[in-house]
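Below is one structure, written out as structure tokens, with a few remarks after it.
Chain letters run A, B, ... following the sequence lines, proteins first and then strands; every chain starts at 1.
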There are 2 protein chains.
Amino acid sequence: MNESVFKAMSDSTRRKIIELLKDGPKTAGEIASHFSHAQPTVSRHLSVLKNANLVVDQREGTFIVYRLNTTILQEWLAWLLEHFGGGDLDEKE
Amino acid sequence: MNESVFKAMSDSTRRKIIELLKDGPKTAGEIASHFSHAQPTVSRHLSVLKNANLVVDQREGTFIVYRLNTTILQEWLAWLLEHFGGGDLDEKE
DNA sequence: TGATTATATAGCTAAATAGCTAAATAGTAA
DNA sequence: TTACTATTTAGCTATTTAGCTATATAATCA
């Protein structure tokens with residue numbers, strides 16, 4: 001599993017962006033409007049997510065639309081479950 | 001969900017420690033021996049995990065035994081699944 | 001007590017990160 | 001072209017982090 005996905009998901013602002021995008025694609029401006037950070041700050045978070053391949057962007061006129069790359073997100077969750085989930089973790093003593 | 005858990009899990013060395021502890025409790029020295037880092041470096045990672053409550057430690061003579069706090073780990077995974085997993089993520093276009 | 005072993009803490013450096021403002025880029029429209 | 005809007009990139013600062021070595025702490029044993 002790619003380290004960049006873990007780093008991307010370790011920030012609370014970026015996790016909120018992912019949650020926003022679960023509801024459907026949004027422009028950079030729409031996303032930024034949900035936060036109290038300066039707009040370039042949110043743009044930077046978007047580029048971290050893009051770098052981790054967790055989102056993809058597409059220009060539409062003057063707007064740039066971001067959408068979730070659900071594949072990567074699902075693969076990450078699957079990896080986590082495989083490595084840390086389930087198993088009989090009953091070695092109490 | 002506690003931010004410290006995300007930060008703790010975002011480091012590859014710490015994730016490997018968690019995986020080691022899934023196999024059962026281990027002393028700090030045993031854990032350190034699995035890595036090429038200096039012993040204090042691994043000790044620091046252990047304290048990050050302890051701070052996130054992902055592991056607990058217990059002195060046994062001169063040794064300090066670390067064990068996984070499976071509750072926190074499971075809660076983290078459950079949180080992730082709840083927030084990012086499942087759902088009909090079929091908004092392709 | 002002093003010596004030994006296991007581990008943590010202190011103190012440092014280099015690198016990464018998140019925030020900001022200001023400037024650049026890209027598209028649209030007059 | 002100029003003007004306007006949406007967004008990114010540049011460049012900065014402050015903070016955090018991961019690594020190191022050296023030192024401190026704690027338990028055991030002679």
Side-chain angles (χ1 to χ4, degrees), chain A residues 1-21 23-69 72 76, chain B residues 1-21 23-69 72 76:
Chain A
M1 176 51 52
N2 197 332
E3 185 77 359
S4 66
V5 176
F6 279 96
K7 299 294 185 190
M9 294 301 284
S10 75
D11 180 88
S12 136
T13 298
R14 289 192 292 263
R15 288 195 302 276
K16 278 179 205 136
I17 292 175
I18 295 285
E19 291 197 69
L20 285 173
L21 291 179
D23 271 356
K26 297 198 170 22
T27 68
E30 276 183 280
I31 295 167
S33 73
H34 283 86
F35 299 94
S36 52
H37 296 136
Q39 173 267 322
T41 299
V42 178
S43 176
R44 199 99 158 44
H45 283 302
L46 285 169
S47 94
V48 172
L49 289 169
K50 199 166 69 175
N51 240 289
N53 208 22
L54 279 161
V55 304
V56 293
D57 64 342
Q58 184 188 353
R59 182 171 277 277
E60 275 179 27
T62 52
F63 296 89
I64 295 179
V65 176
Y66 282 85
R67 37 174 57 81
L68 200 53
N69 185 348
I72 295 290
W76 181 63
Chain B
M1 177 51 52
N2 197 331
E3 185 78 358
S4 66
V5 176
F6 279 96
K7 298 294 184 189
M9 294 301 285
S10 75
D11 180 88
S12 135
T13 298
R14 290 194 289 264
R15 288 196 301 274
K16 279 178 205 136
I17 292 175
I18 296 285
E19 290 198 68
L20 286 173
L21 292 179
D23 271 358
K26 297 197 170 24
T27 68
E30 277 182 281
I31 295 166
S33 73
H34 284 85
F35 299 94
S36 51
H37 296 136
Q39 172 266 319
T41 298
V42 177
S43 177
R44 201 104 159 42
H45 282 302
L46 285 169
S47 94
V48 171
L49 290 170
K50 199 166 68 174
N51 239 288
N53 208 23
L54 279 161
V55 304
V56 293
D57 63 342
Q58 183 187 355
R59 182 170 279 275
E60 275 178 28
T62 52
F63 297 88
I64 295 179
V65 176
Y66 282 85
R67 37 174 57 80
L68 200 54
N69 185 349
I72 296 290
W76 182 63

Return the CH2 to CD1 distance between B:Trp76 and B:Ile18, rounded to the nearest 0.5 Å.
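Spacing of CH2 (B:Trp76) from CD1 (B:Ile18) equals 9.0 Å.
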5'-most contact on DNA chain D: A:Leu46 or B:Glu60, nearest heavy atom basis?
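Checking each residue's closest nucleotide, the 5'-ward one belongs to A:Leu46.
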Contact string for nucleotides 17-24 of chain D, one letter per nucleotide 5' to 3', B = base within protein heavy-atom range under 4.0 Å, S = sugar-phosphate only, - = neither, reads -SSBBB--
Selection from D:dT5, C:dT7, D:dT28 that lies nearest to any side-chain heavy atom of B:Ala28:
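Among D:dT5, C:dT7, D:dT28, the one nearest the side chain of B:Ala28 is C:dT7.
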Would you indicate which nucleotide in D:dT5, D:dT7, D:dA26 comes nearest to any side-chain atom of A:Thr62?
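Of the candidates, D:dT5 comes closest.
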Is [X] reaching over with its side chain to a backbone N or O of [Y], donor-acceptor style, under 3.5 angstrom?
{"X": "B:Arg44", "Y": "B:Leu46", "value": "no"}
{"X": "B:Arg67", "Y": "B:Val56", "value": "no"}
{"X": "A:Asp57", "Y": "A:Ile64", "value": "no"}
{"X": "A:Lys26", "Y": "A:Leu21", "value": "no"}
{"X": "A:Arg15", "Y": "A:Met9", "value": "yes"}

[X] has an atom [atom1]; how far is it from atom [atom2] of [N], in whole Å?
{"X": "A:Asp57", "N": "C:dA26", "atom1": "CG", "atom2": "P", "answer": "14 Å"}
{"X": "A:Phe35", "N": "C:dA18", "atom1": "CZ", "atom2": "P", "answer": "13 Å"}
{"X": "B:Phe63", "N": "C:dA8", "atom1": "CZ", "atom2": "C1'", "answer": "15 Å"}
{"X": "A:Met9", "N": "C:dA18", "atom1": "CE", "atom2": "P", "answer": "14 Å"}
{"X": "B:Asn51", "N": "D:dT16", "atom1": "CG", "atom2": "C1'", "answer": "14 Å"}
{"X": "B:Leu49", "N": "C:dA8", "atom1": "CG", "atom2": "P", "answer": "12 Å"}
{"X": "A:Arg59", "N": "D:dA6", "atom1": "CZ", "atom2": "P", "answer": "12 Å"}
{"X": "B:Glu3", "N": "D:dT15", "atom1": "CD", "atom2": "P", "answer": "18 Å"}

Look at B:Tyr66 and C:dA6 and indicate whether a side-chain polar atom (N or O) is within less than 4.0 Å of OP1 or OP2.
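Checking C:dA6 against B:Tyr66, no side-chain N or O comes under 4.0 Å of OP1 or OP2.
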May I ask you to verify if any side-chain N or O of B:Thr27 is less than 4.0 angstrom from the OP1 or OP2 atom of C:dT7?
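Yes, B:Thr27 has a side-chain N/O under 4.0 Å of OP1/OP2 on C:dT7.
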Looking at every non-hydrogen atom in both residues, tell me the closest pair between B:Ser10 and A:Phe6 and how far apart they are.
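Looking at all heavy atoms of both residues, the closest pair is CB-O, 3.9 Å.
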